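See below for the structure under consideration.
So you know, we letter chains A, B, ... as the sequences are listed, proteins then strands, and number each from 1. Values in this document were obtained by computation on a predicted structure and should not be read as measured data.
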There are 2 protein chains.
Amino acid sequence: MKEKEVDNEKLVQVVASALELFMNYGVKSLTMADVASKLGISKKTLYQFVKDKKDLVNKGMLFCLEEEQQVLGQVTADSENAIDELIGFTRFVNSRLKDLHASVIFDIQKYHPECWSMIESHKKDFVRNSILLNTKRGIEEGLYRKNLNPEIVTSLYMLMMDGMFNSDQNFGKGIRLEDLHLEMIRYHVRGIANDKGILQLKNLLNKDENNHLKLD
Amino acid sequence: MKEKEVDNEKLVQVVASALELFMNYGVKSLTMADVASKLGISKKTLYQFVKDKKDLVNKGMLFCLEEEQQVLGQVTADSENAIDELIGFTRFVNSRLKDLHASVIFDIQKYHPECWSMIESHKKDFVRNSILLNTKRGIEEGLYRKNLNPEIVTSLYMLMMDGMFNSDQNFGKGIRLEDLHLEMIRYHVRGIANDKGILQLKNLLNKDENNHLKLD
DNA sequence: AATGTAGGAAACATTTTTAGTTTCGGAAAC
DNA sequence: GTTTCCGAAACTAAAAATGTTTCCTACATT
């Protein structure tokens, strides 16, 4: 492997690990000294990979979002039908939300607006498009109600997604993002699927890998 | 009500609300300007109640811990037996953990050592004593195994409590404090209760107010 | 109607913290 | 033996937040 590729691989490793730390501990509370220490390198070495803290957060988030696009693309490719695809999306996104607290979202919104913009763009483009295509696919496969308007349904879905990240309504009520997410998906799939789709859903939820999703 | 009492009531209201905000958003990310804004008062007014940010955090925590002692004292007074008391403790503490993320604990440990010391003292004194007395009570009531050593059992419990707040082991695994807490209590009660105690536990868990605790 | 009081908004000064950079020493590679 | 590179620690600079002060407005009191 060429030296340039080694450097890039190391960069990816550093920024990916750093973002995970930020997601766990919060961006504001975690200094660059903390990050370097937990990654087992010096600050000097860390600054060989990134220009500044903002750069680190942004690069980490970029990697994270690209990974999500890659993984969800694979879910789509592997899925047998629209319901299967939706459950696959849910499994991945929910596992990510398990480790995310609303305070970290607040942190990013407040101190890292550029990073937040990346998340917003990801939602507006990739997520929206995925749901739109999934809705159309479900209608074509006879699993979703035929009288759905995919554009409108997708907009309703995005409204709920935006609401999930509105921290002020999520605090102080013991509501966890992962549970909120599952509640929304249950609401969504019940709102779009027909009887055949619901049956398909139940079949999929019986699989071990989906048991914990509690979408029934 | 005398003016002095009004001031004190207002102080309590301010510091209690402020601590709740800190627990939700994280102490580091929430500036004094943020706190004042969310409390609907000015920074100038806020500084009439507290000397500085450290003072606000400490006073808020003090109030929180005193409230816990008062509530748990009432649980003890109202409880019919040791199992009833333990479940009552669990219900209250768990509801508090629902809104607490490990990143906030990390925040306090790192930037507010004095506040953290208060929590540590609370655990070392009040919590330890409560569990010690509960253990003795259970033995006396014939619900716990007679061959328990209350001092040792209490120390084992405190070890688990300390482990729960060790953020490094809790991150990145999708483990929530409230679930970890319930798992620990289940482990604890199974470790100390005899058959009669377990039966008592099952009876109590059938009550609506305890259904969600998932200790069976 | 005039005066006093109190709080909010905003500006200001200071301090602290963190970011980001540089230096020195040691270990490893050549 | 020399060179390179990284870690640890020290250093510098900048930014952010804390904490204080000023001015204005609204309300209460006389």
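In this structure, A:Thr45 and A:Lys28 both approach DNA chain D, and ranking their closest nucleotides by distance from the 5' end singles out A:Thr45. The residue among B:Tyr111 and B:Ser42 whose nearest nucleotide of DNA chain C is located toward the 5' end is B:Ser42.
Side-chain N/O atoms of A:Gln48 include none lying less than 4.0 angstrom from OP1 or OP2 on D:dC5.
Across the protein-nucleic acid pair, A:Asp107 atom CG and D:dA17 atom P stand 11 Å apart, rounded to whole Å. We find that CG of A:Leu46 is positioned 14 Å from C1' of C:dT18, with the value rounded to whole Å. Rounded to whole Å, the distance from NZ on B:Lys10 to C1' on C:dG7 is 11 Å. For the pair B:Lys44 NZ and C:dT5 P, the computed distance is 13 Å after rounding to whole Å. As rounded to whole Å, 9 Å separates atom P of D:dT18 from atom NE2 of B:His112. Atom CE in A:Met32 sits about 15 Å away from atom C1' in D:dA14, given to the nearest Å. Rounding to whole angstrom units, CZ of residue B:Phe49 and C1' of C:dG7 are separated by 11 Å. For A:Lys51 and C:dG20, the NZ to P distance is 8 Å, given to the nearest whole Å.
The main-chain N or O of B:Ala33 is never found under 3.5 Å from a side-chain atom of B:Ser37 such that the two would form a donor-acceptor pair.
When heavy atoms are screened at a 4.0 angstrom cut-off, A:Lys53 is found touching the sugar-phosphate backbone but no base atom.
Checked for salt-bridge contact, A:Asp107 and B:Lys28 miss the test: no charged N lies under 4.0 Å from a carboxylate O.
Within 6.0 Å of the CD atom in A:Glu67, the count of heavy atoms belonging to other residues, nucleotides or ligands exceeds 12. Annotation for B:Lys54: atom NZ does not count as buried by contact number, only 12 or fewer foreign heavy atoms lying within 6.0 Å. Within a 6.0 Å sphere centred on CD of A:Glu80, other residues, nucleotides and ligands contribute 12 heavy atoms or fewer.
For D:dG7, the base has no donor-acceptor partner in the side chain of A:Lys43 [N/O atoms by modelled type, under 3.5 angstrom].
Here the side chain of A:Thr31 is nearest to one of D:dG7, D:dG19, C:dA19, namely C:dA19. Closest contact between the side chain of A:Asp52 and the listed nucleotides D:dG7, C:dG20, C:dG8 involves C:dG20. Checking C:dG20, C:dG8, D:dT18 against the side-chain heavy atoms of A:Tyr47 singles out C:dG20 as nearest.
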